[in-house]
Amino acid sequence: MNMLTSNEVARLDGSNPEFERATPFAKMADGFAGNVVAYTLDKSAAPFSAAAVEVFTAPYAMRIIDAIALAQADSTNGTVKVMKGTDEICTPLVCAANGVPSHIVAGSTATNKARMVLAAGDKINVQAAGGSAENIRAITTIICQRL
């Protein structure tokens, strides 16, 4: 993902007298902090394995504000762990009933609050937990806010 930094925006705005009047990159600069972005891993056709699967690498500092797993198959006791590297950031998301979404449970992340803040380069992974990994299928979405 290529994003302009605020320094690059200022340089581009000042690089041409026409830009100085029009400031075409000003709207980009205004939106740098607070943008919300979502990353999705679709494991609906192929099941999870027992190994962790990377969803994304943080391109800049951000905070995870929600994680959603939309089950794509029935799997008794099926869950998916959301992890910053190898550290869980919340209780596992339930993936037991086909078509039923599961969010981060309110209060379950209080002790792991610091893990929900990401620096550029941090990796977010998901991994099958409860049930049989070969039966767990889900579309996992991680929603983040740029800091």
Side-chain angles (χ1 to χ4, degrees), residues 1-13 19 22-147:
M1 170 185 274
N2 293 329
M3 298 287 294
L4 294 174
T5 66
S6 57
N7 290 341
E8 290 169 321
V9 169
R11 185 179 54 76
L12 288 170
D13 275 344
F19 284 176
T23 61
F25 297 99
K27 290 202 184 295
M28 287 178 148
D30 291 343
F32 276 149
N35 288 348
V36 175
V37 60
Y39 298 91
T40 300
L41 175 68
D42 188 342
K43 294 295 267 178
S44 58
F48 281 90
S49 65
V53 180
E54 184 176 328
V55 179
F56 72 96
T57 299
Y60 42 75
M62 54 179 39
R63 174 184 298 111
I64 295 174
I65 56 176
D66 199 3
I68 307 162
L70 179 60
Q72 297 296 295
D74 290 328
S75 175
T76 304
N77 298 321
T79 61
V80 173
K81 295 189 291 186
V82 179
M83 302 174 294
K84 177 179 175 182
T86 57
D87 297 323
E88 291 183 49
I89 65 161
C90 61
T91 57
L93 305 174
V94 177
C95 291
N98 190 6
V100 177
S102 175
H103 290 262
I104 290 177
V105 177
S108 68
T109 58
T111 58
N112 295 331
K113 182 179 174 184
R115 293 180 184 166
M116 296 178 76
V117 176
L118 310 176
D122 284 347
K123 295 185 183 311
I124 296 299
N125 305 304
V126 293
Q127 182 176 6
S132 299
E134 64 272 6
N135 296 330
I136 299 173
R137 297 172 190 256
I139 300 170
T140 307
T141 303
I142 312 297
I143 302 170
C144 303
Q145 179 182 26
R146 185 173 181 147
L147 297 176

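Note that the structure is predicted; figures quoted are calculated from it, not measured. Any value given below was found using the heavy atoms of this structure, including those in side chains, with hydrogens, waters and symmetry copies removed.
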Side-chain donor/acceptor of [X] to backbone N/O of [Y], under 3.5 Å:
| X | Y | answer |
| --- | --- | --- |
| R115 | E88 | yes |
| R137 | A45 | yes |
| N98 | D74 | no |
| S102 | V94 | yes |
| D42 | I139 | no |

Minimum heavy-atom distance [X]-[Y], with the two atoms named:
| X | Y | value |
| --- | --- | --- |
| L147 | V117 | CD1-CG1, 3.9 Å |
| N125 | E54 | OD1-CA, 3.2 Å |
| G99 | L70 | O-CD1, 3.5 Å |
| T40 | T141 | OG1-OG1, 3.4 Å |
| A71 | A97 | CB-O, 3.1 Å |
| G121 | T57 | O-CG2, 3.5 Å |

For a 4.5 angstrom cut-off between non-hydrogen side-chain atoms, does [X] reach [Y]?
| X | Y | result |
| --- | --- | --- |
| F56 | I142 | yes |
| I64 | K84 | no |
| H103 | D66 | yes |
| V82 | I124 | yes |
| V126 | K81 | no |

Can you tell me how far OG of S75 sits from CD1 of I136, rounded to the nearest 0.5 angstrom?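 Output value for this atom pair is 4.5 Å.
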Can you tell me how far apart CE (M62) and CG (L118) are? Round to the nearest 0.5 Å. 6.5 Å
For V37 and Y60, run side-chain contact (heavy atoms from CB on, under 4.5 Å): C-alpha distance rounded to whole Å, both residues' side-chain angles, the deciding distance at 0.1 Å, then the answer. CA-CA 11 Å; V37 60; Y60 42 75; 3.9 Å; yes
